[in-house]
Amino acid sequence: MKTPVPDYLKHVLTSCRDNEKGALADYIPELAAVDPDKFALALSTVDGTIYSTGDDEVEFTMQSMSKPFAYALALQKVGLTKVMEKVGVEPSGEAFNQISLEKDSNIPKNPMINSGAITTHSLIPYKRTVSRAEQLRRFLSGLAGRELSFDTDVYTSELKTAFRNRSLGYMLRTVGVLEEDPEAIVNGYIKQCSIKVTVKDLAMIAGVLANGGIQPQTGKKLLDRSVVRQVLSVMLTCGMYDAAGDWLTTVGIPAKSGVAGGIIGVLPGQVGIAVFSPRIDEHGHSVRGVDIFERMSREMGLHLMEGTPSAQTILQSRYLTGKRDHVVVYELRGVLQFTESEMLLRILQDEPEGKKRIVLDLTNLTLIHNVGARMLFEGVARLKKDGHPVVVVDSEGILSEAQMKGNKRVVVKEKLTKYLEKFQ
Ligand code: GLU
């Protein structure tokens, strides 16, 4: 049997192909020379599988899709506090290249519009021999899992017509947001925009964000979870510029577009999606790309606000065992976040006081959030107070050291069956 996912992607591509609305971004001359009919779609899963269809080997420049990753790199390297001193997180409701700053603070409203992105670029630490754009190229190559390169033609083409970005640079220098020569920083920002990718690269890159900062194919941790959360939040509220509200309500996936025709989207914990079709609308978004995202979100139920329904139950089974049925086993399953932990504690509440040994088996849990661990151990403490000996069986090592802190004595690492043998 063959998985139908590639057929579905092909079907989506075919059904959106007829839409020839929009126009090539001609303010960058080199972008006006591309084949407008190129069309590609890719999807990545959090375990590193990439599905793709159409012109999935064609490279195009990231343009503004580089912005969230420059932001991620700056956050990772210099920290949120320093970054927030220079760039805000408020949606601007304005065009991507609007010449404006936040009213009171005089800093760019967010890192997704050009003024904020130029500023973010300036925050990337660099060496004399390795420029900021090169730092970003290396970082993105790590995310994509292959060596990416710059498109020198697009870069030099944009340099010639970058009057507006230069004026943004000078404005930012005037108010002290930029602390160096604005020419060099704007040039670096334009170079960052010229990093070339295919939809497969983009899907892989999106997959890292969907997977909480861990590269799904190599298992390498490339970004802190807190950085991923910050980046995705800003993509959700500001990534689609002055169409962000429309996008959030119809598509509901954190995303970023680029004027070369790419759109990258990330559904946390689930999938990364990337499309490429060069004709763009008045906001700078790929027309067919928007169609595809709307369609896939609807058909695949990907809207963030649909939420993933929490486990209907956290309890797989409860049974008595041991010589005199003096051991009560609770086998748990699914994920342990606040909702499930609350459910679990409510179930444990019904356990009568007494000397029965309580075994909480975590073997079939797939994830324990910190709040889940805290609530679990609070439950353990209360059961003990009621007179029960209590153990937590964690044979798969799902609890982190930090989550176990202060409670290691109640955690058993052996398999449940092995542990229970002692009581037969
Ligand atoms: N390099 C482009 C610019 O700064 C990127 C714009 C975009 O992709 O939205 O104008």
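Note that this is a predicted model, so its numbers are computed, not measured. Values below: all heavy atoms of this structure, side chains included; hydrogens, waters and symmetry mates excluded. When a ligand or atom number is given, it counts from 1 through the structure's own listing order.
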- Query: Considering all heavy atoms of both residues, which atom of Ser131 and which atom of Tyr126 are nearest to each other, and what is their separation?
  - Reply: C-CB, 4.0 Å
- For Ile185 and Ile118, work out which heavy atoms get closest and say how close. CG2-O, 3.6 Å
Residue [X] vicinity, atoms of ligand 1 by number, heavy atom under 4.0 Å:
{"X": "Gly258", "answer": "8 (O)"}
{"X": "Phe96", "answer": "6 (C), 9 (O), 10 (O)"}
{"X": "Glu158", "answer": "1 (N), 2 (C), 3 (C), 4 (O), 10 (O)"}
{"X": "Tyr189", "answer": "3 (C), 4 (O), 5 (C)"}
{"X": "Tyr241", "answer": "7 (C), 9 (O)"}
{"X": "Tyr27", "answer": "2 (C), 3 (C), 5 (C), 6 (C), 10 (O)"}
{"X": "Cys193", "answer": "1 (N)"}
{"X": "Asn165", "answer": "3 (C), 4 (O), 10 (O)"}

- Query: Got a sec: does the NZ of Lys77 have more than 12 other heavy atoms crowding it under 6.0 Å?
  - Reply: no
- Can you find a non-hydrogen atom of Asn114 under 4.0 Å from ligand 1? yes
- Electrostatic pair Glu378-Arg382, nearest N-O below 4.0 angstrom: yes
[Y] six-ring centre to [X] NZ/CZ under 6.0 Å and within 45° of normal:
{"X": "Lys256", "Y": "Tyr241", "value": "yes"}
{"X": "Arg288", "Y": "Phe39", "value": "yes"}
{"X": "Lys191", "Y": "Phe150", "value": "yes"}

- Apply side-chain contact (heavy atoms from CB on, under 4.5 Å) to Ser167 and Ile99, showing your working. CA-CA 8 Å; Ser167 54; Ile99 303 183; 3.6 Å; yes
- What protein heavy atom sits nearest atom 1 (N) of ligand 1, and how far off is it? Gln63 OE1, 2.6 Å
- Query: Among protein heavy atoms, which sits nearest to atom 5 (C) of ligand 1, and what does the distance come to when rounded to 0.1 Å?
  - Reply: Ser64 OG, 3.3 Å
- Query: Got an N/O contact under 3.5 Å between Val259 and ligand 1?
  - Reply: yes
- Nitrogen or oxygen of Ser257 less than 3.5 angstrom from that of ligand 1: no
- Item | Among Arg318, Lys384, Arg346, the one residue meeting salt bridge (charged side-chain N to carboxylate O under 4.0 Å, His left out) with Glu351 | Arg318
